[in-house]
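Keep in mind the model is a prediction, meaning the values are calculated, not measured. Any value given below was found using the heavy atoms of this structure, including those in side chains, with hydrogens, waters and symmetry copies removed.
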2 protein chains.
Amino acid sequence: MWYVTTPTDPFLADCRARLAFDLLSHTWNAVVIWSLREGPLRPVDLRRRIGGISSKGLTETLRRLQTNGLVTRQAHPGSPPRVEYGLTPLGRTLLAPIDAVGAWGLRVRR
Amino acid sequence: MWYVTTPTDPFLADCRARLAFDLLSHTWNAVVIWSLREGPLRPVDLRRRIGGISSKGLTETLRRLQTNGLVTRQAHPGSPPRVEYGLTPLGRTLLAPIDAVGAWGLRVRR
DNA sequence: CGGTATCCTATAGGATACTG
DNA sequence: CAGTATCCTATAGGATACCG
């Protein structure tokens with residue numbers, strides 16, 4: 001997504017808009033963020049909640065979101081291991097845009 | 001994206017929300033739709049406006065959006081050929097969600 | 001349970017060349 | 001200019017097995 005030609009469109013010329021699209025273009029990103037909207041969840045619950053996501057897929061997604069400062073990881077000591085993922089303040093700000101997209105889908109007839 | 005397990009999350013259980021995410025998950029979909037917001041454009045202008053999209057990529061994207069009822073294609077007779085793509089009313093309804101995402105990107109520090 | 005390591009496949013999507 | 005046809009590669013992401 002590195003421009004060879006500079007886009008005429010100022011909206012697109014500002015790569016940050018494109019980065020936002022790229023963020024949501026990862027299959028699970030939006031879904032995972034959305035699933036955390038009500039509070040932190042453990043991976044196992046997250047998977048149940050989402051449905052159809054592999055363990056690997058979830059871990060990778062969470063790692064990715066973590067790296068981008070959208071999600072926090074908190075490990076509670078003990079056995080069996082217990083880890084919880086939640087949204088950062090920045091992550092929360094993505095809920096509105098994501099909701100706009102999801103809500104659009106719900107509104108549309110298919 | 002066909003659920004093996006039914007998602008616990010009602011928002012996600014309704015596949016239409018997921019379909020919306022999938023729609024925007026295609027690299028160029030959002031960008032192309034966005035670029036048509038001010039009116040119909042010819043492919044060549046669209047490419048200039050977007051920057052970095054291949055001819056093949058654009059054609060495929062437009063075809064895809066057309067199939068989904070988001071974009072119209074109008075061919076004007078004559079030579080050289082002149083074709084214009086524009087948004088359908090349904091396509092227009094996507095502008096708000098897309099804008100929400102793009103605007104988020106612009107707001108965020110990186 | 002959370003996470004990692006392998007392996008494997010489908011496919012997105014660019015580069016290039018070509019047609020009407 | 002609009003579009004198609006080939007070719008090619010990177011990679012997303014599932015399946016499976018395994019570890020602490």
Rounded to the Å, how far apart are [X] [atom1] and [N] [atom2]?
| X | N | atom1 | atom2 | result |
| --- | --- | --- | --- | --- |
| A/Leu62 | C/dT4 | CG | C1' | 14 Å |
| B/His26 | D/dT11 | NE2 | C1' | 15 Å |
| A/Lys56 | C/dC7 | NZ | C1' | 10 Å |
| B/Glu84 | D/dA2 | CD | P | 10 Å |
| B/Arg64 | D/dT4 | CZ | P | 14 Å |
| A/Leu23 | D/dA12 | CG | P | 14 Å |
| A/Ile53 | D/dA15 | CD1 | P | 12 Å |
| B/Asp45 | D/dC1 | CG | C1' | 11 Å |

(message) With a 3.5 Å distance limit and no angle check, can you tell me whether A/Asn68 reaches the backbone of A/Arg64 through a side-chain donor-acceptor pair?
(response) yes
(request) Examine distances only and state if a side-chain atom of A/Thr72 and a backbone atom of A/Gly86 form a donor-acceptor pair shorter than 3.5 Å. (result) yes
(message) As a test of understanding, state which of B/Arg49, B/Arg47, B/Arg48 forms a salt bridge (charged side-chain N to carboxylate O under 4.0 Å, His left out) with B/Asp45.
(response) B/Arg48
(request) Using the closest heavy atom to pick a nucleotide of DNA chain D for each, name whichever of A/Ser25 or A/Pro81 lands nearer the 5' end. (result) A/Ser25
(message) Reading DNA chain D from 5' onward, which residue's closest nucleotide shows up sooner: B/Pro80 or A/Ser54?
(response) B/Pro80
(message) By nearest atom, which of the nucleotides C/dT4, C/dG14, D/dT4 is closest to the B/Trp28 side chain?
(response) C/dG14
(message) From the set C/dT4, C/dG14, C/dG2, return the single nucleotide nearest to any side-chain atom of A/Val44.
(response) C/dG2
Contact class for [X] vs. all strands (heavy atom < 4.0 Å): base, sugar-phosphate, or nothing?
| X | answer |
| --- | --- |
| B/Ser79 | nothing |
| A/Arg82 | nothing |
| A/Pro43 | sugar-phosphate |
| B/Arg63 | sugar-phosphate |

(request) State yes or no: do A/Val44 and A/Leu65 share one hydrophobic cluster built from I, L, V, M, F, W and Y residues joined by side-chain heavy-atom distances below 4.5 Å, directly or via other members? (result) no
(message) For C/dC1 and A/Arg42 - does any side-chain N or O of the residue sit under 4.0 Å from the phosphate oxygens OP1/OP2?
(response) no
(request) Drop me the distance from B/Leu70's CG to B/Thr93's OG1, to the nearest 0.5 angstrom. (result) 7.5 Å
